[in-house]
Amino acid sequence: MFRSNNCVAIHLKDITAAENFYTNVMKFSLLTKSEAQLEYDTGRFLLCVDRDLNTQPPIPGFTVKDIGAARRFLQENGCIILREDRRSLTFRDTFGITYDVVESK
């Protein structure tokens with residue numbers, strides 16, 4: 001049901017400092033940029049840097065065909081939905097690990 005979307009998200013307070021670090025120190029190729037997010041090509045996966053007041057560890061991303069079915073399945077198996085919208089959600093598994101899930105088109 002779940003497939004890696006080759007994206008890892010991190011949440012950091014200072015997106016300007018993050019842009020400097022990931023562009024100039026790590027030398028990742030910046031793909032997209034907005035006030036709230038940066039997206040980098042790291043070679044093996046996309047690194048999505050999200051501006052957030054709470055710094056968080058890396059969050060792996062997955063795709064599913066039906067976000068509603070995925071939500072129900074996760075909840076039935078003890079996962080906690082942390083955030084959701086029409087086509088995506090973030091959940092915490094029973095071990096305390098956080099993941100992003102996006103519905104594929």
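Numbers here simply count residues along the sequence, with the first being 1.
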Aromatic ring pairing Phe73/Phe2, orientation class (parallel under 30°, perpendicular over 60°, tilted between)
tilted
Output yes when a side-chain donor or acceptor of [X] lies under 3.5 Å from a complementary backbone atom of [Y], and no otherwise.
{"X": "Thr98", "Y": "Arg92", "value": "no"}
{"X": "Asp52", "Y": "Thr55", "value": "no"}
{"X": "Glu39", "Y": "Cys48", "value": "no"}
{"X": "Arg51", "Y": "Gln37", "value": "no"}

Which heavy atom in [X] sits nearest to a heavy atom in [Y], and how many Å separate them?
{"X": "Ser4", "Y": "Asn6", "answer": "OG-N, 3.0 Å"}
{"X": "Ile59", "Y": "Asp100", "answer": "CG2-N, 3.5 Å"}
{"X": "Val49", "Y": "Ile15", "answer": "O-CD1, 3.8 Å"}
{"X": "Thr94", "Y": "Gly78", "answer": "CG2-O, 3.6 Å"}
{"X": "Asp50", "Y": "Ala9", "answer": "OD2-CB, 3.9 Å"}

Decide side-chain contact (heavy atoms from CB on, under 4.5 Å) for Thr63 and Val101; before the verdict, give the C-alpha distance in whole Å, the side-chain angles of both, and the deciding distance to 0.1 Å.
CA-CA 5 Å; Thr63 59; Val101 179; over 6 Å; no
At what distance, to the nearest 0.5 angstrom, does CG of Asp66 lie from CE of Met1?
7.5 Å
Please name the residue in the list Arg87, Lys65, Arg71 that meets the salt bridge (Lys or Arg N to Asp or Glu O under 4.0 Å) test with Glu103.
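When Arg87, Lys65, Arg71 are each tested with Glu103, the salt bridge (Lys or Arg N to Asp or Glu O under 4.0 Å) holds only for Arg87.
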Heavy atoms of other groups near Arg44 CZ, more than 12 under 6.0 Å
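Result for CZ/Arg44: open.
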So, Tyr40 and Thr23: side-chain donor and acceptor under 3.5 Å apart, yes or no?
yes
Co-membership, hydrophobic cluster, residues Leu53 and Ile10, 4.5 Å side-chain
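No; tracing contacts between hydrophobic side chains, which count when under 4.5 Å, never links both residues.
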Mind checking whether Val64 and Ile97 sit in one hydrophobic cluster, side chains of I, L, V, M, F, W, Y counted as touching below 4.5 Å?
yes
Criterion side chain to side chain contact (heavy atoms under 4.5 Å, CB included) against Thr90, the qualifying member of Leu82, Ile80, Ile81
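So the option named by the test is Leu82.
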Compare all side-chain heavy atoms of Val102 with those of Phe62 and state whether any distance is below 4.5 angstrom.
no
